[in-house]
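Here is the structure we will look at.
Residue numbers begin at 1 in each chain, while the letters A, B, ... track the order of the sequences.
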Amino acid sequence: MSGYSKEQLLARLQELNINFASYDHPAVLTVEAQAKYVGHLGGALSKNLFLKDKKHRFYVISALSGTNVDLKVLSQRLGLGKGGLRMAPEEALQEILQVSLGCVTPFALINESARSVSLLLDQGFKAHESCFFHPLSNEMTISVNTRDLDKFLISIGRNPAYVDLEATPLVGKDQPPDLASLVPSETPSLVGAPEKVVQNQAPDGNHAPAEKKGINKSKAAAKEKTTGSAKKFVAATDVGKLIDEIINKTCASVLIEVNKDSEDQSKVSLGHLLEKVSQKIGPDLESIAMSFKNAAYIEGFHAGLHSVIDRGIQGLSSPR
Amino acid sequence: MASEDGQKAGGAGGENEGAEEMVVNPWEVAVKGGGKIDYDKLIEKFGCQRLDSSLVRRVERLTSRPAHVFLRRGVFFAHRDLEEILDLYERGEKFYLYTGRGPSSEALHLGHLVPFMFTKYLQDAFKVPLVIQLTDDEKCMWKNLSVEECKRLARENAKDIIACGFDITKTFIFSDFDYVGGAFYENMVRVSKCVTFNKVVGIFGFTPEDHIGKISFPPVQAVPSFPSSFPHLFSGNDNLRCLIPCAIDQDPYFRMTRDVAPRIGYQKPALIESSFFPALQGETGKMSASDPNSAIYVTDSAKDIKNKVNRYAFSGGRDSIELHRKYGANLEVDIPIKYLGFFLEDDDELEHIKTEYGAGRMLTGEVKKRLIEVLSEMVERHCKARAAVTDEMVDAFMAVRPLPNMFS
């Protein structure tokens, strides 16, 4: 799917009732150049970096132009070790963010191709009434406030993550990397905030949530290495993802056992082979399923809690 | 002071230090002269029972599933009143589980996970509820950490505990700082009234220089054994028995509890106790969370595990290949064999390795390689489960909420 155009983005912002001011200017490739045209208008200029780590995961860091961004520190805070972050190559800019040079912007995440890019926003943005970003073109700058930026991000299924980019917390054995949760997992992010989950509130309920849209993964994750970013309710209770994992693990294990068997001279019965498979993957599958069960319960628990609070606020008594 | 439990006079580190070669209490495990812990002597001294194979088979029959590897290999080797629990279970009655952790550091190692892995098995096999106590107040008092830090550590440790796979519909996790009060505190006072200062000094080895927080702490760890401490879970079920899986160094708390229980009209808790998980460098007592090379941590990468096992795991192999092939390995002191005893599920494979290694036909490198595989798989599984644990999940596990299906 080809990338969104500036016009499509602006139309989307209007649909979302987001107020923005827009300023046309000649193409600019740097913040300094941009400042010449819009710097006097009172909003906060942003500098936007498109980075990648050694495991080919991508990040957009969007900061106030005056914020000092130390890639070495950020790399450690993300749990990528020292020197784990570098500027992404130009091809990645085209392929993933689908914008041109000098045009990196949080709004690029509207593209499907950018679905697994992690976005870090400077918490300094919140102190300004409006901030300047490129709307997928470096011939224009739009100014939005952070509330509206959040609205946009949530509408594309993102959880806005504001970070103190200048902080330098200690990272070591007893101090885990504080931004580790912002490292992308393999899975694309899904649409919908937790509160919108449809639940069947049965009286003795511990039900899994109604089936959500399972997005097909582009690669079978037989060897999934999560890095602490699976903190979204929605990903944790995705039935499609669960089934994919179970099927992939089982198939992979069966293949391994069959291959082992065909190498061995002594042929074993299918029953024996399957028993070995179930022994091998049993504990892993149980662990995955228990995580799923617990995550589903948590959603129900919070939904129940909020429904009681809401009823209280409305002056109604608790449901029996 | 011979109590009903047959415990010999002398406690476990309190009186008569000179006559005791071993010190085993919740804050210290050591053998004078640096020898190995003699578990037979410990059972005798504490007055608990051996967990023999007939009991293991009975557990298998009652739960209709193979016994957990820790039971089969004698890791959990001692008990108090386990037979009574099995009797009542056979009659169709229920019980609940109680275990805990003192959250003194964020770095959890495999030794810390042992009681939790076993407790999860018990929860699944018997289909019973579980309460998990995080003694953040204890660590605040003993380790001189701030209250805030202990509360934070308790929550962090809760995440690793949850990652062991406990069922949220049957599990209540609580931290002392959050939960003490109400019915729980009422029981604490009832227990405190039954334990004299002299008694607690005798059991735990306190001195007049110890601050009063320490001296009054034991009831906090005692009262989760009583169902009335959890009115939101067990109200009306005052006779519900409690089974406590723990390491044997916690026995003093529960000796005290069992002594007090009948005097306040409560049931005695039953115990199922484990031996200590040996440090990587050998059997000198418990692992230490402050020496990173004494243990495999749940945060270790596959590379770390490989490195630690290869470099630091104490080997019973001989100094040269010739000697090794001639005499075989010393299985008594070999740490990789001991670790495989804990974590290698397949009994036949373990037997095979022990036979070959003991006869000198298998080399240390091969044993270590297998261990590295087993440990890496385990740690990876834990890591993955840990990554799925959110703060919201911790909040829910720790919420004071009813558990309507806790016995199903």
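Remark: aromatic rings of B/H232 and B/F172 are close, center separation under 6.0 Å. Aromatic ring centroids of B/F126 and B/F407 lie 6.0 Å or more apart. Outside the 6.0 Å centre-distance limit, the rings of B/F70 and B/Y121 are not counted as a close aromatic pair.
With hydrogens and angles disregarded, no donor-acceptor distance shorter than 3.5 Å links the side chain of B/N405 to the backbone of B/K170.
Neither the backbone nor the side chain of B/R386 comes within less than 4.5 Å of any heavy atom of chain A. Using a 4.5 Å cut-off between heavy atoms, B/E345 does not touch chain A at all. With a threshold of 4.5 angstrom between heavy atoms, B/F397 approaches chain A through side-chain atoms but not through N, CA, C or O.
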